[in-house]
Amino acid sequence: MGKTKSTAKNGEKDLGRAFAKGLLQWNRQENSREMPWKGEADPYKIWLSEIILQQTRVEQGWKYYERFIQTFPTITDLAAAPDQAIFKLWEGLGYYSRCRNLIATARFIATERNGIFPDTYGEILALKGVGPYTAAAIASFAYNAPYAVLDGNVFRVLSRIYALEQPIDTTEGKKVFSQLAQEQLPEKQAAAYNQAIMDFGAVICKPVPNCSQCFFQEQCQAFLGNKQALLPIKSKKTQIRERWFHYIVLQYGNAVAIQHRTAKDIWQNLYQPLLIEADKKLNKNEVLLQLEHSYGIRPAQYEVISAAVNLTQKLSHQTIHFSFIHLEVKKKPQLEGFQWVVKNELERYPFPKTLQQFLSKN
DNA sequence: TTCCTGGCAT
DNA sequence: ATGCCAGGAA
């Protein structure tokens, strides 16, 4: 009663403390990651670097940061510049709404706050283009305020050291991780700790981790269970592709044209009838038009025997919609890459299950 | 070549 | 829940 819970909690806290301690030591002794804004005290420069780094790798943002600081040494300089000059400096970085928000925030601070950058988490969070991550980063780096950053690195590191299978891409998961991150933060060393955990995620606990170089290997719950490559968990299945396979069963006498699938795709090395693939559903006329375009087989050369049968097959990462058109040709067309197989010998060839089922019934 | 990553605004 | 973007990984 209650005991299990508090024991687990204590265990968790111990693990967290051990990690934080080791992390800070790693940061002092081994972390050699350098960045032009690291250790910076000017909130303007920290803010600028964080906006540039949103969705952007350090290596790419580096040069942009340097050019911005050279061109606009203070937020007042930035606020006074014409939009176009600022966009020109941003050119190539992507996510251009960040630049719009950057301009709006610079002008807001220059005109409404006499160029003084806000110094509380809440006020920082209220700035355009600043969300929870960026607000915590600025508040901690500029003012050492005790707000834990939660970015992709932190999700990854925390999910691994605790072997948490909680998905990170759900509202619930974000809540759990942000609470854990906050509990984990050594309050008086917010700046050092926040920078350290992100550096650690970037150089050691990478998506493909360098566990052999990790100070926490012996305590990391993921490493101990050999799950480090599986964490963090994301709930959203990789986007399911929708494909429409319009098969044309070409029959000549008692023989059917089939084709060997060789592309690096599903069903490699299996066989299939003539395929018209599309990323949307085509009606019969569209399919037959495509047949003429791709293979030069014109309506005059065949008779349509049967209408389309529609089937669907779900794979982990794609959904295949099938339709079939059965055509009888009066003369055998020249078809590169196809072989004509008499119907009762079709069973010798390997087909995908859905095709096998269809062909055996028709 | 395609796939994956990543904070915020909407 | 999606779109925004570019670059590195697979």
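Reminder, nothing fancy here: chain letters follow the sequence lines and each chain counts from 1.
Using a 3.5 Å distance cut-off with no hydrogens or angles, the side chains of A/Y302 and A/E328 do not pair a donor with an acceptor.
The distance between atom CZ of A/F155 and atom C1' of B/dT5, rounded to the nearest whole Å, is 13 Å. Rounded to a whole Å, the CZ atom of A/R100 is 12 Å from the P atom of B/dT10. Distance A/L127 CG to B/dG7 P: 18 Å, rounded to the nearest Å. Spacing between atom CG of A/N194 and atom P of B/dG7 amounts to 13 Å, rounded to whole angstrom units. Distance, A/L102 CG to B/dC8 C1': 14 Å, rounded to whole Å. Distance CG (A/N101) to P (C/dG3): 19 Å, rounded to an integer number of Å. Remark: C1' of B/dG7 and CG of A/L48 are 16 Å apart, rounded to the nearest angstrom.
Toward the 5' end of DNA chain C, the nearer of the two residues A/V208 and A/Q55, judged by each one's closest nucleotide, is A/Q55. Toward the 5′ end of DNA chain C lies the nearest nucleotide of A/Y95, the other residue of the pair A/Y95 and A/E59 mapping further downstream.
The shortest distance between the side-chain N/O atoms of A/Q54 and the OP1/OP2 oxygens of B/dG6 is not below 4.0 Å. Applying the 4.0 Å criterion to OP1 and OP2 of B/dC8, one finds that A/T134 has a side-chain N or O inside that range. The shortest distance between the side-chain N/O atoms of A/K174 and the OP1/OP2 oxygens of B/dG7 is not below 4.0 Å. Regarding contacts with the backbone of B/dC4, every side-chain N or O of A/K206 stays at 4.0 angstrom or more from both OP1 and OP2. Under 4.0 angstrom from either OP1 or OP2 of C/dC5 there lies no side-chain N or O belonging to A/R57. Residue A/Y96 places at least one side-chain N or O closer than 4.0 Å to OP1 or OP2 of C/dA6.
The CD1 atom of A/I276 lies 5.5 Å from the CD atom of A/Q290; values are rounded to the nearest 0.5 Å.
Between A/E183 and A/K13 there is no salt bridge, since no side-chain nitrogen of the basic residue lies less than 4.0 Å from a carboxylate oxygen of the acidic one. Between A/D199 and A/K38 there is a salt bridge, since at least one side-chain N of the basic residue sits less than 4.0 Å from a carboxylate O of the acidic one.
Distance alone, capped at 3.5 Å, is enough to place a donor-acceptor pair between the A/Y96 side chain and the A/G92 backbone.
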